[in-house]
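Below is one structure; the comments refer to it alone.
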Amino acid sequence: MIQKIEEAAREAGRIILSAHGTDLGIENKEGHANFVTMYDRKVQDFLTARLREILPGAKFLGEENGMDVFAPGDDEGWLFVIDPIDGTTNFIHNMHPFVTSIGLMKDGKPYAGVVYAPVTDQMFSAVRGQGAYENGSRIHSSKASLADSILLSGSAGFSMNAFQIAQELTREFQSRSQGVRITGSAEYNLCMAASGRTGGYYEMRLGLWDFAAGGLILEEAGGRLTDYYGRPLSFRGPSSVLALSEGAARSELPDTGAYLDRWDGT
Ligand code: IPD
Ligand code: CA
Ligand code: CA
């Protein structure tokens, strides 16, 4: 089944790359710098149809279908959690990374994850209990300390209060590591930690579709995934996300929970 899901993600990547040079049909969503394009919808429709063939009866939760938390019954049976294009703003500017992300939950728990970056042709995948892979090769998170690693972060432009707190936290992380970068794709960031390239990734608020696939890939690669308070993620809706490699010690971290407490929620 995982190969079939990977093939669907690859096909989605072809649709995304075919956008180059065409009218993307860009629309504004709620808030600052929050866009959706015709291609987000196209890819979501394509994936919904293809994945339904792969797993008839599965339910769907996707960024572009308006649901952002579990509906009653979503914790029973199969549920696909899809972000057709994670990194839409990058995609609009034709700048890597942007990825297609497909998480598959079974009875409310992450079961499989596929993240495909079409520009670099990188396919990340994992099935629970079976390890994580990049283009067919097993991957492991880094054993380097936080001090010897680079980190990734993100901050959607939802409010100035959120942005300011994120910046202050980044100043802390910057001084405790070899530097913080912002890529513009949460799922890609999780895969970078899973594949040993970075020491981790943090963001104050992500949708479930931003971490459903990459979160499992990271855990299967030996990394650790919690919220800013250090609690395991429920995988049922939006959350703060703190992703760490094996080598990054908790004692090296700032008090991320205290920063989250200062956020007014806007
Ligand atoms: C966004 C990206 C970005 C992160 C935002 C997400 P989208 O997803 O993952 O890196 O900072 O929080 O909303 O809108 O490009 O699918
Ligand atoms: Ca996203
Ligand atoms: Ca998206």
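In listed order, ligands and their atoms are each counted from 1. Please read these numbers as outputs of a predicted model, since none were measured by experiment.
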Discussion item. Test ring-ring contact (aromatic ring centres under 6.0 Å, His included) on Phe211 and Phe235; report intermediate values, then the result.
Written reply: CA-CA 8 Å; Phe211 62 83; Phe235 281 88; 5.5 Å; yes
Worksheet item: Do you reckon Val115 sits in the same ILVMFWY cluster as Leu79, going by side-chain contacts under 4.5 Å, direct or chained?
Response: yes
Should [X] be counted as touching ligand 1, given the test is an N or O pair under 3.5 Å?
X	answer
Thr88	yes
Ile85	yes
Asp86	yes
Gly154	no

Structural part of [X] in contact with ligand 1, heavy atom criterion under 4.0 angstrom:
X	result
Glu203	side chain
Ser185	backbone
Thr183	neither
Asp210	side chain

Worksheet item: Where is the tightest heavy-atom contact between Gly73 and Lys59, given as atom of each residue plus distance?
Response: O-NZ, 3.1 Å
Worksheet entry | Phe124 ring center near Tyr133 ring center (under 6.0 Å) |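 No, ring centres 6.0 Å or more apart.
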Practice prompt. Tally every protein N/O/S atom whose distance to the Ca ion (ligand 2) is less than 3.0 Å; waters are neither shown nor counted.
Written response: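 Considering protein N, O and S only, the Ca ion (ligand 2) has 3 within range.
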Discussion item. Tell me whether the rings of Tyr202 and Phe173 are parallel (<30°), tilted (30 to 60°) or perpendicular (>60°).
Written reply: parallel
Fill in: For atom 3 (C) of ligand 1, the option (of Gly87, Gly184, Ser153, Pro84) bearing the nearest heavy atom
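Shortest heavy-atom distance from atom 3 (C) of ligand 1: Gly184.
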